[in-house]
> 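Sharing a structure, written as C-alpha cells. Questions coming.
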Amino acid sequence: MSGISKRTFIASSLALAAAARPLDGLARQSDRKLGYAILGLGYYATQIIMPRFAECEHSRLAALVSGTPEKLKKYGEQYGVPESARYSYEAFDKIAENPDVDIVYVITPNSLHRTFTERAARAGKHVVCEKPMATSSADCEAMIAACKKAGRKLMIGYRSRFQAHNIEAIKLIRDGAIGPVRTVVTDHGFTIGDPKQWRLNRALAGGGSLMDIGIYSLNAARYLTGEEPVAVNAMESTDRSDPRFKEVEDIINFQLLFPSGATANCVSAYSANCNRYRVTGPKGWIEIDPATSYQGQAMRTQLNRQTGPREPAPQPKNQFSAQLDHLSECILTNREPIVGGEEGLKDLRLIEAIYRAAREGRTVRV
Ligand code: NAD
C-alpha cells in the first residue's frame, strides 16, 4: 500500500471510530434537542426522513419550508410544527430570526441545493444537503465557502455511512479481514418511470442515473477502499428515442483505479433494478445485496476460508436517525461530520471526470 493510501486508511478509520464513540458528557452540555428545518416536502423528506425524528436523541423537527401551502399545513399539523415555523421559499430567509432552528436540511431537486444551502448559511444555520451535493463541482465549492464564511457546519446526506451492514463492511476491511482491497464490483440502478419528473430534466437534475443512483456505486467504491481514485474510464448506453432519456443518460458504467492498485467496476442505470457490492482481497470477500437501500440489507462473506451469511454488529439507531443525530452531535461537540461538504465535492469532481471519460472515450486522470 502506498504512503498516501495508508494515510487515507488511517484518517477514515479514525473518523469512523469518532462517529461510533458514545457522546461523553453530551447530555450535560445540552439537554435540548437541536431543531431541524426540513426544506422541500417531497417523497424523501416526508416519507423517509421526517418519521425518523421519533427515534432521534439529539434532533427534533422544528420548522418546515415548502412552495406548497397545503403541504405546510398538512405536515405542520401532523408533526406539531407551529404556523410561525412554516415558511414559503420566498419567506425562507426569515428563518434567521427563529432560534428554534439550528439546522436546515435541503431535500429539493439537485440544481437547487446550492442556492438553498447558501441562503441557510447566510441565515446562520448549519446545513445538511442531500446527495448529489450539487450539479457541478464549482457549486459544491461555493457551498463549502458559504458555510465556512458563516462559521456553520455542512453535511451531505450519505446515509449508508450510518447503516449497520455498511459500517461492518468498512470495519472488516480496515481491520484487514480480506487483506488489501483488490476489486470492488458495485451495481446501482432502478427503473425510472414518468418522463416528466425532475430527475429526467437536465436543468434540475444535472445529469441522469449517475447523479441520482450511480453516485452510490461511486461513493461506496471510495468508502470501501478508503482511497481516492487516480484514473477513470466510462461507457454510456442511452436510447435517445425513449421519451425518458431525451435529456439525461440511462446507463453509464465506469471503472476506477486507486493508488494502491485496487480497482472498481461500477454500474449506474435508470432502466434496471440493482443495488449491491462485492469487495475482494487476497484473504476473502464481502458482499452486500441489497447494499444501500432504505432497508433489507443482507451480507455474505468469505473470511478465514469460511463462506456464509453474516449479521453485522447492531447499531443503536437506524441509518436515517443516526445521520440526523450525527450532525447534531457534531454541532454540540464541535466536531466535523464524517460526510462533510468535501465528501460531496470529491464525488462531483469524479462525476465530472466520468462524464468526460464517456464523452471522449478515453481514460481520464484525476
Ligand atoms: P421529490 O420530487 O419527491 O421531492 C422534491 C421536492 O422539491 C418536492 O416537494 C417539490 O415540490 C420540491 N421542489 C422545489 N422546487 C422545485 C422545482 N423547481 N421543481 C421540482 N420540485 C421542486 O424528490 P425526492 O425523491 O424527495 O428527492 C429530493 C432530493 O433528495 C434529491 O436531491 C434526491 O437526490 C435526494 N434523495 C436522497 C435519497 C437518499 O436516500 N439519500 C433518497 C431520495 C432522494
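Values reported hereafter were calculated over all heavy atoms of this structure, with side chains retained and with hydrogens, waters and symmetry mates removed. Counting starts at 1 for both ligands and their atoms, in listed order. Just so you know, residue 1 is the first one in the sequence shown, and it goes up from there.
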> Check whether any side-chain N or O of T68 sits under 3.5 Å from a backbone N or O of E70 as a donor-acceptor pair, and report yes or no.
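Flag not set: sc T68 to bb E70 has no pair under 3.5 Å.
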> As a check for students: among T108, T135, N201, V65, identify the option with a heavy atom nearest to atom 31 (C) of ligand 1.
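Minimum heavy-atom distance to atom 31 (C) of ligand 1 goes to T108.
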> So, do I173 and I178 sit near enough that their side-chain heavy atoms are less than 4.5 Å apart?
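A side-chain contact under 4.5 Å exists here.
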> Could you tell me if the side chain of P282 sits less than 4.5 Å from the side chain of P180, heavy atoms only?
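Yes. Closest side-chain heavy atoms under 4.5 Å.
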> Would you say M50 and Q78 make side-chain contact, with heavy atoms under 4.5 Å?
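A side-chain contact is absent here, since even the closest heavy-atom pair is not under 4.5 Å.
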> Quick one: does E228's side chain get under 4.5 Å of L256's, heavy atoms only?
no
> For atom 19 (N) of ligand 1, what's the nearest protein heavy atom and its distance?
L204 CD1, 3.8 Å
> Got a donor-acceptor contact below 3.5 angstrom from the S328 side chain to the H58 backbone?
yes
> Applying a strict 4.0 Å limit to heavy atoms, is F116 in contact with ligand 1?
no
> Which is closest to atom 42 (C) of ligand 1 by heavy-atom distance: Y105, Y294, Y89, Y43?
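The residue whose heavy atom sits nearest atom 42 (C) of ligand 1 is Y294.
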> I need the contact type for L112 against ligand 1. Using non-hydrogen atoms and a strict under-4.0 Å cut-off, is it side chain, backbone, both or neither?
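The answer is the side chain.
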> What's the shortest distance from atom 40 (O) of ligand 1 to any protein heavy atom, and which residue and atom give it?
R159 NE, 2.6 Å
> For the pair N304 (side chain) and Q306 (backbone), establish whether a donor and an acceptor sit closer than 3.5 Å, ignoring hydrogens and angles.
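Looks like no, no N/O pair under 3.5 Å.
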> Counting each atom of ligand 1 from 1 as listed, which ones have a heavy atom of D212 under 4.0 Å away?
34 (O)
> When you measure from atom 28 (C) of ligand 1 to every protein heavy atom, which one gives the shortest distance, and what is it?
I107 O, 3.5 Å
> Please work out which of Q47, E130, K71, M211 has its closest non-hydrogen atom nearest to atom 11 (O) of ligand 1.
K71
> Among all protein heavy atoms in this structure, tell me which lies nearest to atom 32 (O) of ligand 1, with the distance rounded to 0.1 Å.
N110 OD1, 2.8 Å
> Applying a 4.0 Å heavy-atom criterion (strictly less than), which segment of W198 is in contact with ligand 1: side chain, backbone, both, or neither?
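Side chain only; the backbone of W198 stays clear of ligand 1.
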> Can a non-hydrogen atom of P109 be found less than 4.0 Å from any atom of ligand 1?
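The answer is yes: ligand 1 sits under 4.0 Å from a heavy atom of P109.
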> Mind checking whether I48 contacts ligand 1 via backbone (N, CA, C, O), side chain (CB onward), both or neither, at a 4.0 Å heavy-atom cut-off?
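Neither part.
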> For a 4.5 angstrom cut-off between non-hydrogen side-chain atoms, does N275 reach Y216?
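A side-chain contact is absent here, since even the closest heavy-atom pair is not under 4.5 Å.
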> Considering heavy atoms of the protein only, find what lies nearest to atom 4 (O) of ligand 1 and give residue, atom and distance to 0.1 Å.
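Here the nearest protein heavy atom works out to G42 CA, 3.2 Å.
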> What are the atoms of ligand 1, with element, lying closer than 4.0 Å to any heavy atom of G157?
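Counting from 1, the qualifying ligand atoms are 41 (N).
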> Evaluate the side-chain proximity of Y270 to D212: yes if any heavy-atom separation is below 4.5 Å, no if none is.
yes
> For ligand 1, which atoms sit closer than 4.0 Å to a heavy atom of H113?
32 (O)
> Just let me know how Y158 lines up against ligand 1, side chain, backbone, both or neither, with a heavy-atom cut-off below 4.0 Å.
neither
> Is it true that D194 and K196 have a side-chain N and a carboxylate O under 4.0 angstrom from each other?
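Not counted as a salt bridge, because no side-chain N and carboxylate O are separated by less than 4.0 Å.
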> Please check if atom CZ in R276 has more than 12 non-hydrogen atoms from other residues, nucleotides or ligands closer than 6.0 Å.
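No - once you tally the heavy atoms of other residues, nucleotides and ligands closer than 6.0 Å, there are 12 at most.
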> Test of understanding: given a 4.0 Å heavy-atom threshold, classify the contact between L41 and ligand 1 as side chain, backbone, both, or neither.
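Looking at L41 and ligand 1, just backbone atoms fall under 4.0 Å.
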> How does R199 reach ligand 1, if at all, at less than 4.0 Å between non-hydrogen atoms: by side chain, backbone, both, or neither?
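Under 4.0 Å from ligand 1, R199 contributes side-chain atoms alone.
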> Among all protein heavy atoms in this structure, tell me which lies nearest to atom 26 (O) of ligand 1, with the distance rounded to 0.1 Å.
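Checking every protein heavy atom, the shortest distance to atom 26 (O) of ligand 1 gives Y44 N, 3.0 Å.
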> Is it the side chain (CB and beyond), the backbone, both or neither of K131 that lies under 4.0 Å from ligand 1, heavy atoms counted?
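Both backbone and side chain of K131 come within 4.0 Å of ligand 1.
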> Is it the side chain (CB and beyond), the backbone, both or neither of Y216 that lies under 4.0 Å from ligand 1, heavy atoms counted?
side chain
> Verify whether one side chain among N166 and S160 offers a donor that lies under 3.5 Å from an acceptor in the other.
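Short answer, no.
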> Does any N or O in the side chain of E249 come within less than 3.5 Å of the main-chain N or O of G208, such that one atom is a donor and the other an acceptor?
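Yes, the answer is positive, given that a donor and an acceptor are paired below the 3.5 Å cut-off.
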